Every structure is written in C-alpha cells, then in structure tokens.
Student: 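Got a structure here, written out as structure tokens. Questions coming.
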Amino acid sequence: MWRDSRLAFTDAIGAITCSIVPAHPWVYGLGQSADSGGYLSPANALGYLAGKLTSTGGSGDVIVMMIAETTHDAFMKALSQLATVFPAPAFTQVSRMAAAAAELSAVKMQLPPKVSSLPVAAPLSVATNRLALNAQRIADAQLAAAVSTTTDGLKSQIIDFMKSRAQLLSSVSQSMDELKGASAKIWSFSYTGNYRAAAIELLKGIPQATAVHTAAMLFIGDSLADLGKMINEPGRITRT
C-alpha cells in the first residue's frame with residue numbers, strides 16, 4: 001500500500017543487508033534527459049521496479065521510497081531534503097545530475113562571456129607532481145616527529161590529540177542531533193511476502209500520477225524492519 005509519509009533519521013537501527021534498485025530519469029533506457037532536466041513519470045518508474053521484482057524469485061520485505069513532483073524546482077527541493085536525511089548514493093547522484101542540468105540550461109540562456117587571451121590560472125596537478133609533493137610532506141612529517149621526541153614534546157602531542165579527539169566527538173554528536181531533527185516528505189510503499197505479489201501491489205494506486213519528475217528506490221531483503229523505523233506513516237492511504 002502506498003502512503004504519504006515522512007522519512008526521519010533515527011539512530012535506533014542496526015546494520016541492514018538488502019538489494020537496492022534505483023529508478024530515476026538518468027537510468028539508461030528509462031527516463032528522458034533534456035537540457036532542462038530529466039523527465040520520468042511515477043508509472044514508468046514503478047513499472048521498471050515492478051519488473052525487477054517479478055524477475056526475482058522468493059519472498060521477503062519490500063520497501064520503496066519515492067519523490068514525484070510536477071515542477072523542477074519542487075523536485076530539487078524534495079531531493080535536497082531527502083539526500084540530507086537519507087544520503088543514499090542514488091539520491092545524491094540524482095540531485096547532482098538535476099542540479100547540473102538546471103545550471104546548464106541557465107548557462108545556455110546567457111550571452112557568452114568575452115574570451116580571455118589566456119585561461120584562468122589554476123594549480124597544476126598531475127600524478128607525478130602529486131607523488132613528489134606527498135613524498136615531501138611525509139619526509140617533513142617524519143623530521144618533525146623525530147625532533148619532537150622529548151618528554152615535554154610527547155606530552156604536548158598527547159594533549160593536542162586529546163583536544164582534537166574531544167572536538168571531533170563533539171562535532172559528531174552535534175551532527176547526529178541535527179540529523180535527528182531533519183525529515184523529508186516521501187511516498188512510501190511497504191510489503192512483506194512474495195516478490196511477484198509485491199510487484200502487483202506496487203502498481204496499485206500509484207501516487208502523483210501526473211508528475212513528470214520522479215526518483216524512486218527499491219529495497220529488497222529478508223528483513224527491512226530497521227529501515228522501516230525511519231518511515232513515519234500517518235495511516236493515510238495514497239491519493240490516486
């Protein structure tokens with residue numbers, strides 16, 4: 001069953017093992033890519049995911065997270081919120097691709113700048129150059145370590161390490177608190193049982209049928225209960 005849900009971060013989950021299948025406009029042969037962005041309807045996205053389920057034997061837990069919008073701006077906003085709460089590679093990749101498409105479209109509408117006689121100066125970086133620089137840094141670090149072998153020097157290093165560790169732990173704790181306060185609006189689908197039966201249910205009552213910007217992710221595993229803890233479902237059945 002499809003539900004209008006909110007995805008929120010929680011640290012009360014364990015390790016999850018599952019198969020993941022993304023569906024977005026830049027999946028080869030699925031969506032349509034244009035200068036103004038990528039286009040994909042929920043029906044086509046879910047049809048693609050249903051096909052993956054029907055080709056898979058067995059049974060287990062199935063979860064689908066989807067965002068679907070009618071405008072590019074709304075799609076970008078939803079992607080940004082989702083990638084913050086759940087930065088899965090597929091969602092962050094789609095976010096970058098959508099942003100790049102929008103930027104390219106804007107650039108094409110602008111007048112070309114005057115060509116300079118020389119390119120803008122930039123740091124030179126080639127493999128051999130980086131290797132030499134890294135070797136020099138290692139040598140400098142070894143020399144510094146050799147010089148600071150006195151008792152006072154070691155004590156100073158230990159104190160600096162403890163301060164750095166405390167700052168790092170504080171930063172991690174603060175980041176976790178910020179994540180706990182974040183959430184993202186999604187459409188969610190959950191099913192437990194035969195994968196072929198899940199494919200049939202997945203295509204019932206598809207939400208946001210008129211949307212043209214869609215990104216979805218299919219999760220399949222023996223147990224996705226911990227992943228389900230992130231999904232707040234208020235009990236509202238999908239709009240058709």
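Everything numeric in this text was worked out from a predicted model, so none of it was measured. All values below come from the heavy atoms of this structure, side chains included, with hydrogens, waters and symmetry mates left out.
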Student: Measure the spacing between OG1 of Thr192 and CG of Asp222 and express it to the nearest 0.5 Å.
Tutor: 11.0 Å
Student: Do the rings of His72 and His213 sit parallel, tilted or perpendicular, given the 30° and 60° boundaries?
Tutor: perpendicular
Student: Which value, rounded to the nearest 0.5 Å, describes the distance between Leu82 atom CG and Met217 atom CE?
Tutor: 7.5 Å
Student: Is Asp4 close to Lys185 at the side-chain level, that is, under 4.5 Å between some pair of heavy atoms?
Tutor: yes
Student: Just wondering, do Glu201 and Val62 contact through their side chains at under 4.5 Å, heavy atoms?
Tutor: no
Student: Mind listing the closest non-hydrogen atom pair of Thr214 and Leu40 along with its distance?
Tutor: OG1-O, 2.7 Å
Student: Please lay out, stage by stage, how Met66 and Leu46 fare under the test side-chain contact (heavy atoms from CB on, under 4.5 Å).
Tutor: CA-CA 9 Å; Met66 183 179 75; Leu46 298 179; 4.0 Å; yes
Student: So, taking the atom named CD1 in Ile20 and the one named CE in Met65, what distance separates them when rounded to the nearest 0.5 Å?
Tutor: 9.0 Å
Student: Would Ile200 end up clustered with Ile220 when hydrophobic side chains under 4.5 Å apart are linked, directly or stepwise?
Tutor: no
Student: Taking the side chain as C-beta and beyond, is there a heavy-atom pair between Leu227 and Cys18 under 4.5 Å?
Tutor: no
Student: Can you tell me how far the CG atom of Asn44 sits from the CG atom of Leu49, to the nearest 0.5 Å?
Tutor: 11.0 Å
Student: Which pair of heavy atoms, one from Pro42 and one from Ala68, lies closest together, and at what distance?
Tutor: CG-CB, 3.8 Å
Student: Can you name the nearest heavy-atom pair linking Leu202 to Trp2, along with the distance?
Tutor: O-NE1, 2.9 Å
Student: Aromatic rings Tyr191 and Phe189: how do their planes relate, parallel, tilted or perpendicular, breaks at 30° and 60°?
Tutor: parallel
Student: For Ser59 and Asn194: C-alpha separation, side-chain torsions, deciding distance, then whether side chain to side chain donor-acceptor pair (under 3.5 Å) applies.
Tutor: CA-CA 4 Å; Ser59 60; Asn194 183 273; 5.9 Å; no
Student: Where is the tightest heavy-atom contact between Asp61 and Ser223, given as atom of each residue plus distance?
Tutor: OD2-CA, 3.3 Å
Student: Using a 4.5 Å cut-off on heavy atoms from C-beta on, say whether the side chain of Trp187 contacts that of Ile67.
Tutor: no
Student: Between Ser190 and Ile63, what is the shortest heavy-atom contact and its length?
Tutor: OG-CG1, 4.1 Å
Student: Check whether any side-chain heavy atom of Val212 sits under 4.5 Å from a side-chain heavy atom of Phe75, and report yes or no.
Tutor: no
Student: With heavy-atom distances below 4.5 Å as the criterion, would you say the side chains of Asp73 and Met76 are in contact?
Tutor: no
Student: Could you check if a side-chain atom of Lys52 sits within less than 4.5 angstrom of a side-chain atom of Ser19, using non-hydrogen atoms only?
Tutor: no
Student: Which heavy atom of Ala43 sits nearest a heavy atom of Ile206, and at what distance?
Tutor: CA-CD1, 4.0 Å
